[in-house]
Amino acid sequence: MSILEPLAARYATWLRLPAEATNDTGDEDPALVRAMPIVLRVERDPQPGRTALLEAAAAASIAVCLDERAEPEGPWHDDVDVWVRGRIRKVSRRARGAHWEAVQDLPGVTITVDGAEARAFVPGLVVETPKVLSRLQISGSELPPDEPGPAPDQGPVLWLNPGVPMTVGKGAAQVGHATMLLAALLHASGRDDDLKTWTANDFRCAVRTPTPGQWRELHPGDDPDTAWRTHGTTAVRDAGFTEVAPGTVTVIAQWRP
């Protein structure tokens with residue numbers, strides 16, 4: 001679990017940055033930028049449900065990080081570790097048919113939720129993205145909103161910002177960030193029993209959109225440490241490279257005991 005400790009350590013600092021500082025990449029070498037690819041299976045017929053697909057992507061992202069192959073001495077460890085210590089970038093793509101089957105050969109984890117499938121891969125250098133991934137479309141496919149019903153009373157719930165429209169690809173990356181933060185903070189606060197239970201349940205989580213009033217109540221504001229201790233909430237703040245403005249809080253993750 002120590003692989004996510006750098007993320008927990010800098011979480012509060014990231015939330016307090018001025019908005020314009022969140023997308024400052026002046027200290028980065030473009031040739032060394034790393035990202036976790038996520039591929040969403042979007043067949044023409046039947047299409048997956050939007051909520052189920054986001055839930056699958058969220059679970060797959062943290063499943064890669066906490067896979068035994070990402071532990072020290074495991075074959076994924078170095079790639080995951082160096083990525084977590086830098087900017088947490090994810091790139092979502094879509095695939096169907098033979099293209100979906102082809103990516104199963106790359107190292108990663110596939111999660112299925114209510115028939116919807118997403119696969120997250122071991123992060124690596126963007127400039128070295130395998131062709132079987134780079135040929136897949138990043139945009140151009142959207143799924144209609146659905147009505148998943150009320151959020152469960154217990155366990156992880158990922159709340160999407162009701163005032164910030166996102167494509168399913170953007171949303172998949174954001175909920176993947178959210179599950180990583182949630183796992184990191186559970187471990188950092190000594191709640192490894194909760195983390196073990198979540199792991200045993202294949203990191204299942206609920207993705208929902210709150211009302212604007214609920215969003216304001218959930219938002220950690222200027223005191224993220226207290227929000228986590230008292231309400232079990234943590235926020236994903238986007239750097240603003242695609243779709244949303246820099247500094248936007250896109251998802252609030254909540255652990256319901």
Exercise for the section: Carefully, step by step, assess Val244 and Asn161 under the rule side-chain contact (heavy atoms from CB on, under 4.5 Å). Expected result: CA-CA 11 Å; Val244 304; Asn161 189 331; over 6 Å; no
Practice task
Apply the test salt bridge (charged side-chain N to carboxylate O under 4.0 Å, His left out) to residues Arg34 and Glu28: give CA-CA distance (whole Å), side-chain angles for both, the deciding distance (0.1 Å), then the verdict.
Solution key: CA-CA 11 Å; Arg34 294 176 179 270; Glu28 281 189 327; over 6 Å; no
Exercise for the section: Begin with the C-alpha distance, continue with both residues' side-chain angles, and end with the deciding distance and a verdict on side-chain hydrogen bond (donor to acceptor under 3.5 Å, both in side chains) for Lys170 and Thr242. Expected result: CA-CA 8 Å; Lys170 180 69 172 182; Thr242 60; 3.1 Å; yes
Practice task
Evaluate the criterion side-chain contact (heavy atoms from CB on, under 4.5 Å) for residue pair Gln104 and Thr110; output intermediate values, then yes/no.
Solution key: CA-CA 8 Å; Gln104 304 305 307; Thr110 297; 2.9 Å; yes
Handout entry: From CA spacing to verdict: side-chain contact (heavy atoms from CB on, under 4.5 Å), Arg237, Thr248
Key = CA-CA 5 Å; Arg237 194 179 189 212; Thr248 300; over 6 Å; no
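Looking at Arg41 and Arg96, their side chains never come closer than 4.5 Å, going by heavy atoms from C-beta outward. Side chains of Trp228 and Pro220 form no contact here, defined as non-hydrogen atoms less than 4.5 Å apart. With a 4.5 Å cut-off on side-chain heavy atoms, His219 and Val249 count as touching. Considering only heavy atoms from C-beta on, Leu182 stays 4.5 Å or farther from Ile62 through its side chain. Annotation: side chain of Glu68 is not in contact with side chain of Trp76 (no heavy-atom distance under 4.5 Å). Under the 4.5 Å side-chain criterion, counting only non-hydrogen atoms from C-beta, Thr179 is not in contact with Pro156. Between His177 and Lys90 the shortest side-chain heavy-atom distance falls below 4.5 Å. Within the 4.5 Å cutoff, side-chain heavy atoms of Cys65 are placed close to those of Met180.
Between the Asn23 side chain and the Pro246 main chain, no donor and acceptor come within less than 3.5 Å of each other. Although no hydrogens or angles enter the test, the distance criterion places no donor-acceptor pair under 3.5 Å between the side chain of His231 and the main chain of Thr233. In this structure, Asp202 contributes its side chain and Arg204 its backbone to no donor-acceptor pair below 3.5 Å. Although no hydrogens or angles enter the test, the distance criterion places no donor-acceptor pair under 3.5 Å between the side chain of Asn201 and the main chain of Phe203. Side-chain N or O atoms of Glu43 include none that pairs as donor or acceptor with a backbone N or O of Pro48 at under 3.5 Å. With hydrogens and angles ignored, the 3.5 Å screen pairs no side-chain donor or acceptor of Thr22 with any backbone N or O of Pro18. Side-chain atoms of Arg94 never come within 3.5 Å of backbone atoms of Gln137 as a donor-acceptor pair (strictly under, hydrogens ignored). With hydrogens and angles disregarded, no donor-acceptor distance shorter than 3.5 Å links the side chain of Thr112 to the backbone of Gly115. Although no hydrogens or angles enter the test, the distance criterion places a donor-acceptor pair under 3.5 Å between the side chain of Trp83 and the main chain of Arg89. Put simply, the side chain of Glu117 never gets that close to the backbone of Val113: no donor and acceptor are under 3.5 Å apart.
The aromatic ring centres of Trp255 and Trp198 sit less than 6.0 Å apart.
To the nearest 0.5 Å, atom OG1 of residue Thr234 and atom CG of residue Leu181 are 4.5 Å apart. Residue Arg93 holds its CZ atom at 15.5 Å from CZ of Arg119, rounded to the nearest 0.5 Å. Of the inter-residue distances, the one linking Glu73 atom CD with Asp78 atom CG reads 9.0 Å to the nearest 0.5 angstrom. Interatomic distance, CD of Gln154 versus CG of Asp194, reported as 9.5 Å (0.5 Å rounding). From Gln174, atom CD reaches atom CD of Glu243 across 8.5 Å, with rounding to the nearest 0.5 Å. For the atom pair CD (Glu128) and CG (Leu133), the distance works out to 13.0 Å, reported to the nearest 0.5 Å.
Remark: of the listed residues Thr129, Val109, Val103, Val64, Val103 is the sole one forming a side-chain contact (heavy atoms from CB on, under 4.5 Å) with Phe121.
Smallest separation of non-hydrogen atoms from Ile3 and Ala70: CD1-O, 3.3 Å. Of all non-hydrogen atoms in Trp159 and Thr209, the two that sit nearest each other are CE3-C, 4.4 Å. Pairing each heavy atom of Ala58 with each of Leu158, the nearest pair is CB-CD1, 3.7 Å. In this structure, Ala188 and Ala8 approach most closely via the heavy-atom pair CB-CB, 4.0 Å. Between Pro123 and Asp79 the shortest heavy-atom distance is O-CB, 3.5 Å. Shown here for Val168 and Leu54, the closest heavy-atom pair between the two residues is O-CD2, 3.6 Å.
Cluster membership check: Val122 shares its hydrophobic cluster with Leu40, using side-chain heavy-atom separations under 4.5 Å among Ile, Leu, Val, Met, Phe, Trp and Tyr. Hydrophobic clustering of Ile, Leu, Val, Met, Phe, Trp and Tyr side chains at less than 4.5 Å, counting indirect connections, unites Val251 with Met36. Connection of Ile88 to Ile38 is established within a shared hydrophobic cluster, with ILVMFWY side chains joined at heavy-atom distances below 4.5 Å, either directly or through further cluster members. Linking ILVMFWY residues whenever their side-chain heavy atoms come closer than 4.5 Å, directly or via other members, places Leu53 and Ile111 in the same cluster. Under a hydrophobic-cluster definition in which Ile, Leu, Val, Met, Phe, Trp and Tyr are linked whenever side-chain heavy atoms come within less than 4.5 Å, directly or via other members, Trp100 and Leu143 are assigned to different clusters.
Taking 4.0 Å as the cut-off between side-chain N and carboxylate O, Arg85 and Asp81 count as a salt-bridged pair. Look at Arg208 and Glu55 and you find a salt bridge, because one of the NZ, NE, NH1 or NH2 atoms lies within 4.0 Å of a carboxylate O, short of that distance.
For the 3.5 Å distance criterion, the side chains of Arg216 and Gln214 fail to qualify, holding no donor opposite an acceptor. Side-chain atoms of Arg229 and Thr226 include a donor-acceptor pair closer than 3.5 Å. A donor-acceptor pair shorter than 3.5 Å can be found between the side chains of Asp146 and Thr51.
Crowding of Asp29 atom CG: a count of heavy atoms from other residues, nucleotides or ligands under 6.0 Å exceeding 12.
For Arg69, the salt bridge (Lys or Arg N to Asp or Glu O under 4.0 Å) criterion is met by Asp67, not counting sequence neighbours.
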